[in-house]
Amino acid sequence: MLQDIRNQFPILGVEVHGRQLVYFDNAATTQKPLAVIEALDAYYRSGNANIHRGAHHLAAVATEAYEGVRRQVQALIGARHAHEIVFTRGTTESINLVASSFARRYFKGDGDEVIVSGMEHHSNIVPWQLAGATLRPVPFSDDGVLDLEAMERLFNGHTRLVAVCHASNTLGTVNPVADIVALAHAHGVPVLVDGAQAVSHMKVDVQALGCDFYCFSGHKMYGPMGVGVMYGREELLSEMPPYQGGGEMISEVSFERTTYNELPFKFEAGTPSVGDVIGLGKAIEFMQSVGMDALAAQEADLLAYAAERLAALPGIRFFGRAPQKTAVLSFLVGDSHPYDVGTLLDQMGIAVRTGHHCTQPVMDRYGIPGTVRASFAVYNTRAEVDTMVSALERIMPMLQ
């Protein structure tokens, strides 16, 4: 079955520096199966049209395909209504949308605070600062586990929102989102979840989690770049003002006043990336064809195997040892700079990510400049892990 999955990803046959590609940079972006590539090709070859406003055949077909994916996403994450699904360019825009619109409606300008975890991606830090909030970070242990008792003490009369990642892109930690939501709701505070690193690795049910917003990107779940999702509870979205103005988000426009469209179109100004949304639908179908349980089991096996193999190497230091993790390993090789390690691995055809991974507060927490990050997907194999370990054994003498 694994070889059948790999056969769907043409890029895995590419050679890098004369060697077979080993792609371990999946937390940055996953590769795309043929079904996604072919869907994009078919749309632009024979189905390209703007949606919603056209009376002709191509417009009707494109509109139905686009809205069909909205229903797919609704089913994927268990939303109550399709109109709670808003398409964006990715997780970053989704969070910026909420930060801008939620702040305009619910911030009071008297010292508004947002509680975030100490392991957030910059995309779940900077938008709240731009919105004028003071951030209250929740600390985490050396193993990468959030301190929920410390979080409890952060709530006060100025707390407007909790914004937390479902899974850390650096540490791999899967946070107890349902518990966090219950805690926040007990204080009357809504919760936004950055799900960019979770949706492609585990089953997500926003109603079971109880969250008020859930944001993710297509390109991290085997879909195209340039498309993402912002789920929001209907009750909140109905009260929030539009994020951008322009076509489709309007009901009536005059030079004196404008009234706004119904959900979700109120938040989807302008021409969307229709082809990419259609490609996202094919990515969802791919994940469902594999099965989320089978996908999670494959990644868990790779994580355990890679951690064991790497731990046997001298001088390897891991960052992020939470009991619940996605398939992410952040490590350093002795005192070597992560960029040096990543560059040498690249020369052997192995793609890993190096640096601070857009989580500078995490690096400050550990007192390091960055890490080497190997992140796995369903198409990766134990043999590829062996290749990386062998490569590290070869380059270690060069790093001394």
Side-chain angles (χ1 to χ4, degrees), residues 2-34 36-38 40-41 169-170 172 197 200 217 219-226 298-299 301-303 305-319 326-359 363 368-400:
L2 181 53
Q3 189 56 50
D4 291 338
I5 291 172
R6 288 181 62 83
N7 290 341
Q8 296 181 57
F9 291 83
I11 201 168
L12 298 181
V14 167
E15 289 190 353
V16 174
H17 303 304
R19 298 173 183 268
Q20 181 69 44
L21 170 67
V22 173
Y23 186 79
F24 286 162
D25 194 20
N26 295 286
T29 193
T30 51
Q31 298 301 340
K32 320 307 173 194
L34 276 169
V36 171
I37 297 168
E38 290 171 350
L40 291 170
D41 181 73
N169 72 309
T170 299
Q197 298 293 334
S200 65
S217 299
H219 75 98
K220 295 182 189 291
M221 51 187 291
Y222 308 100
M225 293 184 177
Q298 165 68 3
E299 293 182 353
D301 176 75
L302 285 169
L303 177 65
Y305 182 71
E308 180 182 7
R309 291 296 320 273
L310 285 172
L313 299 179
I316 294 290
R317 293 186 286 156
F318 291 113
F319 299 88
T326 55
V328 170
L329 281 177
S330 280
F331 63 92
L332 289 176
V333 181
D335 294 324
S336 301
H337 196 282
Y339 182 80
D340 295 335
V341 177
T343 300
L344 290 170
L345 287 176
D346 175 65
Q347 293 301 310
M348 298 182 184
I350 302 165
V352 295
R353 182 68 44 165
T354 63
H356 54 65
H357 317 302
C358 293
T359 56
M363 302 306 152
I368 56 176
T371 70
V372 179
R373 184 184 70 189
S375 50
F376 310 115
V378 69
Y379 43 66
N380 291 129
T381 68
R382 283 189 170 202
E384 290 180 315
V385 172
D386 292 338
T387 299
M388 180 179 68
V389 171
S390 296
L392 285 168
E393 290 174 329
R394 287 187 58 189
I395 68 175
M396 279 179 170
M398 307 178 198
L399 297 168
Q400 295 176 355

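These numbers come from the heavy atoms of this one structure, side chains and all, not from hydrogens, waters or symmetry mates.
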Exercise. Under the 3.5 angstrom rule, does the side chain of Gln347 hit a backbone N or O of His17 as a donor-acceptor pair?
Worked result: no
Exercise. Who pairs with Arg6 by side-chain hydrogen bond (donor to acceptor under 3.5 Å, both in side chains), at least two apart in sequence or on another chain?
Worked result: Glu384
Problem set entry | Which atom of Leu303 lies closest to which atom of Val328, heavy atoms considered | CD1-O, 3.8 Å
Exercise. For the residue pair Arg373 and Ala27, what are the closest heavy atoms and their distance?
Worked result: CZ-CB, 3.6 Å
What side-chain donor-acceptor pairs closer than 3.5 Å can you find for residues 385-397, not counting sequence neighbours?
unit_1, atom_1, unit_2, atom_2, d
Asp386, OD1, Tyr305, OH, 2.5
Asp386, OD1, Arg309, NH1, 2.6
Asp386, OD2, Tyr305, OH, 3.3
Thr387, OG1, Ala383, O, 3.1
Ser390, OG, Asp386, O, 3.0

For this session: For Asp335, check salt bridge (Lys or Arg N to Asp or Glu O under 4.0 Å) against everything at least two apart and list the hits.
Result: Arg317
Exercise. Is there a donor-acceptor contact under 3.5 Å from the side chain of Asp301 to the main chain of Gln298?
Worked result: no
Exercise. Just by modelled atom types, is the Ala28 backbone N or O under 3.5 Å from a matching donor or acceptor in the Asn169 side chain?
Worked result: no
Exercise. With side chains defined as the heavy atoms from C-beta onward, is the minimum distance between Tyr222 and Val36 less than 4.5 Å?
Worked result: no
Exercise. Tyr379 side chain to Leu12 main-chain N or O, any donor-acceptor pair under 3.5 Å?
Worked result: no
Exercise. If you measure from CE on Met398 to OG on Ser336, what distance do you get to the nearest 0.5 Å?
Worked result: 12.0 Å
Exercise. With a cut-off of 6.0 Å (strictly less than), are more than 12 heavy atoms of other residues, nucleotides or ligands near CD of Glu308?
Worked result: no
Problem set entry | Whether Lys32 side chain and His219 backbone form a donor-acceptor pair below 3.5 Å | yes
Exercise. To the nearest 0.5 Å, how far apart are CD1 in Ile350 and CG in Asp25?
Worked result: 13.0 Å
Exercise. When rounded to the nearest 0.5 angstrom, what is the spacing between CG in Leu329 and CD1 in Ile316?
Worked result: 10.0 Å
Problem set entry | Pair Phe319 and Phe331, ring centroids less than 6.0 Å apart | no
Seminar exercise, completed: dist Phe318:CZ -> Thr371:OG1 (nearest 0.5 Å) comes out at 11.5 Å
For this session: With Leu2 as reference, evaluate Asn7, Thr381, Val378 under the side-chain contact (heavy atoms from CB on, under 4.5 Å) test and give the passing residue.
Result: Thr381
Problem set entry | Under 3.5 Å donor-acceptor, His357 side chain and Thr359 backbone | no
Seminar exercise, completed: Correct closest heavy-atom pair for Pro338 and Thr354 would be O-CG2, 3.2 Å
For this session: To the nearest 0.5 angstrom, please state how far the CE atom of Met363 sits from the SG atom of Cys358.
Result: 10.0 Å
For this session: Verify, without hydrogens or angle tests, whether Thr30 (side chain) and Asn26 (backbone) share a donor-acceptor contact under 3.5 angstrom.
Result: no
